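The shown structure was predicted, so the numbers you read here are calculated from the model rather than taken from an experiment. When a ligand or atom number is given, it counts from 1 through the structure's own listing order. Position 1 is the first residue of the sequence, and the numbers go up from there.
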Amino acid sequence: MFGRIMPVSHPATAQTRADVLWWRTAVIYQIYIRSFADGDGDGIGDLAGIRSRLPYLRDLGADAIWITPFYPSPMADGGYDVADYRDIEPLFGTLADADAMIADAHGLGLRVIIDIVPNHSSDQHRWFQAALAAGPGSPERERYVFRPGRGEHGELAPTDWESAFGGPAWTRLPDGEWYLHLFAPEQPDFNWENPEVVTEFEDILRFWLDRGVDGFRIDVANSLKKDQSFPDVGSEAEAVLVPHEGPHHPFWDRDEVHEVYRGWRSVSDTFGADRTFVAEAWVDSPDRLARYTRADELHTAFNFAFVRAPWDAAELRATIDKCLAAAAVVGAPATWVLSNHDVTRHATRYARLDSTGGGVTDEARVGPNTPLDPALGLRRARAATLLMLALPGSAYVYQGEELGLPEVVDLPEDVLADPIWERSEHRVRGRDGCRVPIPWTTDGPSLGFGSGDPWLPQPASFAGLSVQAEQGVAGSTLELYRSALAHRRALTVAQTVDWLPSPEGSLAFRRLTADGSSVVCVVACTDAAVPLPAYDEVLVASTALEHGPDGETRLPGEAAVWLRLR
Ligand code: NOJ
Ligand code: MG
């Protein structure tokens, strides 16, 4: 079907574990554990499921996996409400299963990044339970953010802060005190002014580093420190995950938060330069983001500016330039993402007829009534992936994007499990549409996800997008990813992109490779075909190339290609 694509003869072998700076160029595959693979048939993904699919990830060409929280949790927010940071949720397995999973992954050359959630715990965490029992003024309450209320009888919340999931960020207890939760009420915020909290988290890091994990993805890394004068935000606060950043906001991206990460870096460094952190910090400016990756802080931070960029050549180029420049100032690699478990999948985002970028806000999400062109969305998503994977730095691939899975926009309301749905009083459906269990086979119960009913129903269309349906099929999205990941290994010499002239609405840039040749990535972001420069070889293309009236080779519109030039 795509005649000019060069076949990849062998599956990529993962980078060797001797490479201590692996995280600077790695492709990391994100596993949303509840929805990846179910080993015990209860309809919920688990560690046994992950272990059984590790060879698939090695063959795909991933260097590492990032697993979303697997700790004991009442699942008020899909595991981002942690009840015990040193154990495994029974639904997912045991500590022994985690050890075995880490050993298996390492045996296959895959690194393992786990999720750490330092802003808040579950309300079922023993510290929060102790705080409730101990009452106002106790040292137990000092581990969280408890405050008296305002108003004559303390009946008004201490500040006007809003929860990222909607509604007030404070909940009042029967004893009159209020506690802070920037997310759900079941997720009380820790008090990061308390040295006991600082010590506890450094100790949790050591616990997992000792067990062999290669790194941590830090949940809401930008919210730990709160303005101790507890001022009002003062404006109509947004009921969304996306903050106004900056040193002057009472809780998003305050300068003091960096102290925490200098401490964390000194912990990880004692385990070696190959242990790494990636910050989840939704800050708008690449310069503010780069501060998290200064030499004595975190190694990497997700570039969400790229997620937010619309499918537009000029905007994409400006975003890439800003992200690369900001990262270069601090000597950090850039870190690219197109999809994750919080945003509308990119195959559906780019299917919006208004082609806006993505994000976690209500307006940025694709809902059941958004006008969509799914075929166009997939075509652009495949091109966007080739663009992302050609950029210098590390890249994250979210489970299922390698199959071209769309967002499931029409899940029945009675299955919606994201706390955003209830907290928004059923105005915002939330993030379940990108969390539907992965289809592994073309038929059978839950399409090979497991033997039981999956916790979210899969649409019938998933059968044709399953691993089984795409594996070995030339032109499938799965084979496109495998081929791109195999060729990407040669791209990692120059950490810069050299932009080349290209027609309006398109992008072209060159990367130098290890053998002294160069690879040119051309992306057509409109429906206009783009004439290609002279090349020696087509490495990978998101769609079949075409020939113009004079016989010249052209990249069709809404597509991307990697060309080798000697
Ligand atoms: C970011 C996580 O990615 C998201 O899923 C979660 O709801 C919030 N942090 C709160 O922990
Ligand atoms: Mg299970």
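- Ring geometry for Phe36 against Tyr29 counts as perpendicular: the plane angle is over 60°, on a 0 to 90° scale with 30° as the lower cut.
- Residue Tyr32 does not touch ligand 1, judged by heavy-atom distances below 4.0 Å.
- Its N, O or S atom nearest to the Mg ion (ligand 2) is what matters here, and for Asp40 that atom is OD1.
- The N, O or S atom of Asp46 lying closest to the Mg ion (ligand 2) is OD2.
- Nearest to atom 6 (C) of ligand 1 by heavy atom, out of Val117, Ile218, Asp77, is Asp77.
- Distances from the Mg ion (ligand 2) to the N/O/S atoms of Asp42 are shortest for OD1.
- No other N/O/S atom of Asp38 lies as close to the Mg ion (ligand 2) as OD1 does.
- Less than 4.0 angstrom separates some heavy atom of Phe165 from each of these atoms of ligand 1: 7 (O).
- In this pair, His120 and Phe183 present their aromatic rings tilted. The plane angle is within the 30 to 60° band.
- Residue Ile44: an N/O/S atom is found under 2.8 Å from the Mg ion (ligand 2).
- At least one side-chain heavy atom of Arg34 sits less than 4.5 Å from a side-chain heavy atom of Phe92.
- Less than 4.0 angstrom separates some heavy atom of His120 from each of these atoms of ligand 1: 10 (C), 11 (O).
- Within the listing of ligand 1, atoms 4 (C), 5 (O), 6 (C), 7 (O) sit less than 4.0 angstrom from a heavy atom of Arg431.
- Ring geometry for Trp264 against Phe277 counts as tilted: the plane angle lies between 30° and 60°, on a 0 to 90° scale.
- For the pair Arg147 and Trp178, the NZ or CZ position fails the cation-pi test of under 6.0 Å to the six-membered ring centre and within 45 degrees of the ring normal.
- Aromatic ring orientation, His426 versus Trp421: parallel (interplanar angle below 30°, classes split at 30° and 60°).
- Listed by atom number, the atoms of ligand 1 under 4.0 Å from Arg435 heavy atoms are 5 (O).
- Relative orientation of the Trp161 and Phe230 rings is parallel, given thresholds of 30° and 60° on the angle between their planes.
- Ring orientation note: the planes of Tyr71 and Tyr85 are tilted relative to one another, at an angle of 30° to 60°.
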